[in-house]
Amino acid sequence: MKMAKILKAVASAFVAGALAATAMFSAVSAATQTADLTITGTNENHSYEAYQIFAGDLEGSTLSNIVWGSGIADGDALLTALESQVDLGGVDYSSATSAADVAKILAENGSGHDSTAAQAFADFISDYLATSPSATATVASGNTAAVFDDIEVGYYLVKDADNTLDGEDEAYTRFIIKIVGDASAAVKSSTPTVDKQVYDDDDSAGWNDVADYDIGDAVPFKLTGTMPSTLGDYETYTYIFHDTLSDGLTLDSTSIAVTIDGVTIDSSAYTVKTGEDTCGCTFEVAFTDIISAATNNSTSVTLSNSSQVIVTYNATLNSNAVIGLNGNPNEVYLEYSNNPNQGGEGDTGSTPEEYALVFTYKLDVTKVDGDDNTKVLEGAEFVLYDEAGNYAIVDENGKVTGWATDIDNASTLTSDADGNFVVIGLDEGTYYLKETKAPAGYNLLSSPITVVINATDVHNVEYDGTNASSELTAIEITVNGTANSGDPDTGTVSATVENNSGSVLPETGGIGTTIFYVGGAIIVAGAVILLIVKRRMKTAE
């Protein structure tokens, strides 16, 4: 029987010497001929199967009168197949003519802890196992051990129950072979992990689970995968990142890069799939066999159980971005090989999802009369720019669609009948509002208004993809040095901007009129004098 789903790495021990169970096993009474086999270090509710390979009589610590056990479907066929194996895990079985001969050869050559000979023999006989196991055991809830009670003594191959770990974050154990006399074996299995982070460029925060950005910004992401401690049990190893971006982020597929232990991996060594080619995610970075991909890279890398695989890429925060606390969550999970046994090459498990979250905010501005703040002003025009001199470009709803380096290409922000305009999709940081046209009858502001948005997003806290309230705890705005709290739920900060009315000519009787009167009298007097002078000059002639 070809095994499609078997186990991953386990501490297995073979009997040393001529079929003698060593100090690992306690003797069982010859009359009883049963024993308990305990598998430790397992996950609760997980099921195991035990197949009796050799049966016999246990006298003290020695198994005699050995025959094929109930776990072998056809002993004669297995013996015939073994007779042709002159180098099975470094062992020659060609001289074996009976089950007892096979057991003796195995005991003499496979006594090492999880030895090559033991692994090779277990893989080989997996094709000859009976349809049904000799015994089964399931780990009880809350426990970490599976116990096969009162099974007939002999050699046993133990494996995970078939089809129990498809897509699960768990690995099959490598076959265990034990001679039973109240014995125990600890599983040796391990799974990789994955983490997702976003780069926060505020205050040199670096890589975190959360960050905030302007709409239009390129947002850097990093995926970090580890390897299982049992990597050496695998000949090939599937390794696939499945990444899903929210609607508020647009992938730049040309920015995807992969390193293993800091060494850049050739793009030909892995496959990037996007859109309909993926399993419902935004994109995949897939290694069919990451072991050979690392070794055959232009700069060769020796993959080990301590290696780190890092995928980096950029995604642009777009106009679909969610504003405020809900943010723009993104997730990744890692698909990996989880069966080191023969026939398990296509079996994979999956890590839990890991998340990163991107915030963006809304600026709400109200234009009012400087003397009467209850009087809103319509028709004021502004442009918004950041510290780098980039001017906001917004759509008809005030949502940022991009940034311009020239004020001539900036969007005009005009206060409506309620004195209001908004800019939606801003990072925390410093911005400037420059008034380009004042409302009719009001003075143009002489200098830009300084607006500082400050968000308190928590770093080094694991975001679980469900509740962001612990990630964004506060938001405030400072306008020309005066601070006010904002609303983290909606991501909104509000500012009130005043305009003062222009100078008006005084009424009649005021000093201004008097000046005009005096000036007029002087002009008239001057004209009279000039006329008199001209007449005298004419008379003298």
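The structure displayed is predicted, hence computed values, not measured ones.
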Task: Main-chain N/O of Ala171 paired with Asn339 side-chain donor or acceptor, under 3.5 Å - done: no
Open item on the list: Measuring from atom OG of Ser292 to atom CZ of Phe287, what distance do you get when rounded to the nearest 0.5 angstrom?
Closed with: 10.0 Å
TODO: Report yes if the side chains of Tyr270 and Ile290 come closer than 4.5 Å at any heavy-atom pair, otherwise no.
DONE: no
Open item on the list: Quick one: does any side-chain atom of Asp487 pair with a main-chain N or O of Asp489 as donor and acceptor, under 3.5 Å?
Closed with: yes
Open item on the list: Does the plane of the ring in Tyr239 sit parallel, tilted or perpendicular to the ring in Tyr237? Use 30° and 60° as the thresholds.
Closed with: tilted
Task: CG (Asp247) with more than 12 external heavy atoms under 6.0 Å - done: no
TODO: Please name the pair of heavy atoms, one in Thr360 and one in Ile215, separated by the smallest distance, quoted to 0.1 Å.
DONE: OG1-N, 4.2 Å
Task: Residue among Thr250, Asn328, Thr401 satisfying side chain to side chain donor-acceptor pair (under 3.5 Å) with Asn318 - done: Thr250
Open item on the list: A side-chain contact here means heavy atoms from C-beta on lying under 4.5 Å apart; do Pro192 and Leu334 qualify?
Closed with: yes
Task: Sidechain-backbone polar pair: Asp200 side chain, Val198 backbone, donor-acceptor under 3.5 Å - done: no
Open item on the list: Looking only at side-chain N and O atoms, does Thr414 offer a donor or acceptor that is under 3.5 Å from a partner on Thr412?
Closed with: no
Open item on the list: Give me the atom names and distance for the closest heavy-atom approach of Thr302 to Ser307.
Closed with: O-OG, 4.1 Å
Open item on the list: Test your reading of the model: is there a side-chain donor-acceptor pair from Thr138 to the backbone of Asn45, 3.5 Å cut-off?
Closed with: no
TODO: Identify the heavy atoms of Thr164 and His46 that sit nearest to each other, and give their distance.
DONE: OG1-CE1, 3.5 Å
TODO: For residues Ile475 and Val493, determine if any side-chain heavy atom of one lies less than 4.5 Å from a side-chain heavy atom of the other.
DONE: yes
TODO: Would you give the length of the straight line joining atom OG1 of Thr496 to atom CG of Asp364, rounded to the nearest 0.5 angstrom?
DONE: 9.0 Å
TODO: Could you give me the CA-CA distance, side-chain angles and deciding distance for Glu170 and Asn338, then say whether side-chain contact (heavy atoms from CB on, under 4.5 Å) is met?
DONE: CA-CA 7 Å; Glu170 192 175 348; Asn338 71 343; 6.0 Å; no
Task: Heavy-atom closest contact (Pro220 atom, Ala218 atom, distance) - done: CD-O, 3.6 Å
Open item on the list: Can a donor-acceptor pair be found, under 3.5 Å and without considering hydrogens, that links the side chain of Asp395 to the backbone of Asn397?
Closed with: yes
TODO: Test Thr299 against Asn297 for side-chain hydrogen bond (donor to acceptor under 3.5 Å, both in side chains), laying out the working first.
DONE: CA-CA 5 Å; Thr299 302; Asn297 194 55; 4.8 Å; no
- [ ] Establish, for the pair Lys196 and Phe221, whether the NZ or CZ atom is under 6.0 angstrom from the six-membered ring centre and no further than 45 degrees off its axis.
- [x] yes
Task: Donor-acceptor under 3.5 Å (Glu44 side chain, Gly142 main chain) - done: yes
- [ ] Kindly compute the distance separating CG (Leu249) from OG1 (Thr316), expressed to the nearest 0.5 Å.
- [x] 8.0 Å
- [ ] Answer whether the closest heavy-atom distance between the side chains of Leu426 and Leu384 falls below 4.5 Å.
- [x] yes
Task: Criterion side-chain contact (heavy atoms from CB on, under 4.5 Å) on Ile260 and Leu303, from CA distance to verdict - done: CA-CA 8 Å; Ile260 297 178; Leu303 198 69; 3.7 Å; yes
- [ ] Might you point out which heavy atoms bring Asp243 and Leu245 nearest each other, and give the distance in Å?
- [x] OD1-CD2, 3.8 Å
Task: Side chain to side chain, Leu357 and Leu472, heavy atoms closer than 4.5 Å - done: no
TODO: Test Tyr336 against every option in Asp169, Thr193, Thr348 by the side chain to side chain donor-acceptor pair (under 3.5 Å) rule and name the one that passes.
DONE: Asp169
Open item on the list: For the OG1 atom of Thr274 and the CG atom of Leu251, what is their distance to the nearest 0.5 Å?
Closed with: 7.5 Å
TODO: Output, in order, the C-alpha distance, side-chain angles, deciding distance and verdict of side-chain contact (heavy atoms from CB on, under 4.5 Å) for Asp214 and Leu317.
DONE: CA-CA 7 Å; Asp214 292 311; Leu317 193 64; over 6 Å; no
Task: Interatomic spacing from NZ in Lys434 to OG1 in Thr436 - rounded to 0.5 Å - done: 8.0 Å
Task: Spatial distance of atom CG (Asp209) from atom CG (Asn330) [nearest 0.5 Å] - done: 11.0 Å
Open item on the list: So Lys362 and Thr490, do their side chains get closer than 4.5 Å, heavy atoms only?
Closed with: no
TODO: Report yes if some heavy atom in the side chain of Val285 is under 4.5 Å from a heavy atom in the side chain of Tyr313; otherwise report no.
DONE: no
- [ ] Looking only at non-hydrogen atoms, find the nearest pair between Tyr361 and Asp427 and report the distance.
- [x] CD1-C, 4.1 Å
TODO: Carefully, step by step, assess Thr351 and Thr191 under the rule side-chain contact (heavy atoms from CB on, under 4.5 Å).
DONE: CA-CA 8 Å; Thr351 65; Thr191 60; over 6 Å; no
Task: Sidechain-backbone polar pair: Trp403 side chain, Tyr385 backbone, donor-acceptor under 3.5 Å - done: no
- [ ] Keeping the roles fixed (side chain from Asn409, backbone from Tyr391), state whether a donor-acceptor pair exists under 3.5 Å.
- [x] no
Open item on the list: If we ignore hydrogens and angles and just use 3.5 Å, is the side chain of Glu428 paired with the main-chain N or O of Ala455 as donor and acceptor?
Closed with: yes
TODO: Report yes if some heavy atom in the side chain of Glu387 is under 4.5 Å from a heavy atom in the side chain of Tyr432; otherwise report no.
DONE: yes
- [ ] Look only at the side chain of Asn484 and the backbone of Ala495, and say whether a donor-acceptor pair between them is shorter than 3.5 Å.
- [x] no
